[in-house]
Amino acid sequence: MQGLLGKLLRANEFYLFLIIVVVSLIIQARSGQFFTPNNLVDLANAMVVPGLFAIGAYLVIVSGGIDVSFPALASLAVYAVTRYLVDSGYQGSVILPFVLVIALGALLGAFNGVFTSRLAVPTLIITLGTANVFSGIMQGALSSVQISQLPPSMEAFGRASLFKATSATGLTSAMPVSFLLLVAVLAIVFFVMRYTMFGRGIFALGGDESSAVRAGFKVRRIKFWLYVIVGVIAALGGLVRTTSMGQMHPTNLLGMEMMVIAAVVLGGTAITGGTGSLTGVMLGTLLIVIVQNSMILVGVPTFWQRFALGLLIIVGTGVSAVQLTRRRKRQRLVAE
Amino acid sequence: MTTTTVTPTKKKRVGLGLDPHLQRLVFMLAALLLLFAIMKTDSFTRVSTWQAMGVAFPEFGIMALGVMLTMITGGIDLSSVGIANMTAIASATVMLSIAPSGADAGQQATAVLVGVVLSIVLGTLAGVFNGFLVSKVRIPAILVTLGTLELFTGIAIVISAGKPLSGLPPAYSELLGGKILRIPMPLIIFVVLALVIGFILTKMAFGKKLYMIGSNATAAKFSGLNSVSLLVRTYALSGLCAGVAGLVMMANYNSAKADYGVAYTLLTVLIVVLGGVDPNGGSGRLIGVIMAIAILQILQSGLNTFPQVSNFYLPLIWGAVLLVVISTGNVGNGFLARFRKKG
């Protein structure tokens, strides 16, 4: 038990969990509306898209890179598919949109993968470039406009709910089916990262790239497929956002990358790569979603949001940076 | 990169004094100018075209100068746009309170003076904050500036409540929007800052130390460099540049708003990488960065003369140029070195 407790007390996730509990209790005390069924369902609903993006960003950061292109990638993939389906008067089931979006997401992810696996340039700079190419194709070549009428099956998917939660005040919120998608992606990625050679390779790559090469991992191949997978996950996130809004708003997702990276880093994933847990990622996302959604409940004007986000990033990364420095110092003392 | 001396360039400079990357940039610039001259001769020969460029590019050009300094030390500064907007809004607020509309010339002069000084001081302080987090708390520069970009933009939104601040004293736009001998004021500011930074990088010990810390932070530390003070000063300089860029932006738009120039975050990084600065630090020359600025501005102005081409193609071209340059050039050697260095 001692070992388990000690492990718990050292885990970043534990403290993050405590912070979330404290924040929720404060919001509950000040507004009395936090622990209502409809607010909790609203939070779960709001977590789906950032959660999916965060899983993708987590994979990249664990591998030692940084991806800032996923919102642009998702927007382009979903916009192109929706445009095509709407123009061709598509009336069929929701399967085809999903297949097309996944395929396009994989293709655009492969575009990222080609550069990241071949070039010895920081991935931040590569993905800054591809992000611009993606949004340039969407806004320039496809001259994107808002699509207000989605194909009926996509709209139905966005409206479909697992159950409805009603709070005492009579407010109702529906738990969307897409929440299952988040759970499914989370489960698959968890399995891949923990039990497959590919997943262990991503950790190895982030820990030390040349060691990973020496250990026999096919680093280029891992990197390439990693970005393909991240492209697929991001595109799914984009599709969920579009269906749940009931319309395609091309620039709606752009700018989300900072918030998602913040969520992943807050969750204890080292920006240098090699470590990090999905539990932390989900908790980090939850914290940011709570801060964004519930500031209104306690009467803080919305324009404090970005300030709060910036502060969260700096404090969150600062704490882990200080911890890292201390640990290094201690280790050096032992070594000497 | 085995930088045994503190020479900023990797290759020995021979012939024209240009390394291969600079030669490529000169070639690109010449080709662009030629293309522009042939296809749009009338606007190419008009002075007003060049004046318009001289007004437009210093906004991001000045920021890029600061980003270049941080990248030479192996860091990065993504917060320039946030600093620029925050300082612009702060000084606009102060100017508006000193000289509301209809103020006399004396009040206006005071307001402009206070506004300009405030912007520069605030920008420098914001940079010091970045530098402190990078060097003392030891958070990777990319995360620090990502966070402070949000933080400073957040402060700008909070002060201005998300609305544009306009009605600045006319004396302000007369000063920064004016021309001296037909040369636009922003261009003069850019040239002065570029000269100062060029002097720092090539003639001062501080500049040489930036290259040393960028090429090998550990070695620099063991040779007795005070990396904390060096980095704080570097980020402070970058913050100062961002503050000045904010002043230029405020003059160009004749107002201040929290979301002006959001595309510049990418653009400044693009310029600096295109200019041949190694993203891992330790090498890069001012002249390359200036040429990169010129190339991108001429590309943009040239594109604007074709009405049928949408402005939305611009990010596509920027992104493509960046990808082409990093795919063909020899920028960046150690893939992870950049994040490792500060971690």
Side-chain angles (χ1 to χ4, degrees), chain A residues 64-66 68 72 115-116 118-126 128-141 143-144 205-206 208-210 255 258-259 261-262 265 270-273 301-318 320-322 324-325, chain B residues 76 78 82 133 137-140 142-144 146-158 160-162 258 262-263 265-267 269-270 273 279-280 309-327 329 331-340 342-343:
Chain A
I66 274 198
V68 292
F115 287 101
T116 48
R118 304 261 150 200
L119 295 179
V121 178
T123 47
L124 169 77
I125 288 165
I126 295 175
L128 271 175
T130 57
N132 272 265
V133 170
F134 295 154
S135 65
I137 291 176
M138 183 177 73
Q139 296 182 298
S143 56
S144 60
L205 184 59
D208 191 313
E209 196 174 338
S210 28
M258 306 286 181
M259 172 207 150
I261 292 170
V265 174
I271 198 76
T272 42
T302 43
F303 40 72
W304 282 90
Q305 265 185 17
R306 292 194 71 172
F307 179 80
L309 181 58
L311 211 59
L312 267 180
I313 300 178
I314 293 171
V315 173
T317 54
S320 63
V322 169
L324 193 71
T325 318
Chain B
I76 196 167
L78 303 175
L133 290 174
V137 188
R138 299 178 68 81
I139 311 173
I142 177 167
L143 280 181
V144 168
L146 196 69
T148 54
L149 169 65
E150 296 292 310
L151 192 72
F152 296 145
T153 310
I155 294 174
I157 294 176
V158 171
S160 65
V262 276
T265 304
L266 163 89
L267 188 59
V269 176
L270 165 63
V273 175
N280 297 317
V309 180
S310 144
N311 242 339
F312 284 125
Y313 276 105
L314 214 54
L316 180 61
I317 295 174
W318 288 346
V321 170
L322 177 61
L323 288 177
V324 168
V325 168
I326 56 180
S327 311
V331 266
N333 291 336
F335 181 73
L336 288 159
R338 173 182 194 66
F339 297 118
R340 281 293 143 67
K342 294 280 149 3

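Throughout, protein chains are lettered first and strands after them, A, B, ... in sequence-line order, and every chain is numbered starting at 1. As the structure is a prediction and not an experimental result, all values here were calculated from the model.
Only the side chain of A:Ile261 comes within less than 4.5 Å of a heavy atom of chain B; its backbone N, CA, C and O stay farther away. Both the backbone and the side chain of B:Ala161 come within less than 4.5 Å of a heavy atom of chain A. For A:Phe115, the part sitting under 4.5 Å from any heavy atom of chain B is the side chain, from C-beta outward, and nothing else. Looking at B:Val269, only its side chain comes within 4.5 Å of chain A, counting heavy atoms on both sides. The contact between A:Val265 and chain B is made entirely by side chain atoms (from C-beta outward), counting heavy-atom distances below 4.5 Å. Contacts of B:Leu322 with chain A are made by side-chain atoms alone, with heavy-atom separations under 4.5 Å and no backbone atom involved.
Taken from CG in B:Leu323 to CD1 in A:Ile125, the straight-line distance is 11.0 Å, to the nearest 0.5 Å. Rounding to the nearest 0.5 angstrom, the gap separating the CH2 atom in A:Trp304 from the CD1 atom in B:Ile155 is 8.5 Å. Atom CD1 of A:Ile313 sits about 5.0 Å away from atom CG of B:Leu146, to the nearest 0.5 Å.
Contact of the A:Asn132 side chain with the B:Leu270 side chain is not registered, since no non-hydrogen atoms from C-beta on lie closer than 4.5 Å.
Options B:Val144, B:Thr153, B:Val321 differ in how many heavy-atom pairs under 4.5 Å they form with chain A, and the most are formed by B:Thr153. Contact count against chain A (heavy-atom pairs under 4.5 Å) is highest for B:Thr148 among B:Thr148, B:Thr265, B:Leu149. The candidate from B:Ile317, B:Ile157, B:Val158 with the greatest count of non-hydrogen atom pairs under 4.5 Å with chain A is B:Val158.
What you find for A:Ile66 and B:Ile142 is that their closest heavy atoms are CD1-CD1, 3.8 Å. Between B:Asn280 and A:Pro122 the shortest heavy-atom distance is OD1-CG, 4.1 Å. For B:Pro315 against A:Gly136, the heavy-atom pair with the smallest separation is CG-CA, 4.2 Å. Of all non-hydrogen atoms in B:Gly319 and A:Val133, the two that sit nearest each other are C-CG2, 3.7 Å. Heavy-atom minimum distance, A:Ile314 versus B:Ile139: O-CD1, 4.0 Å.
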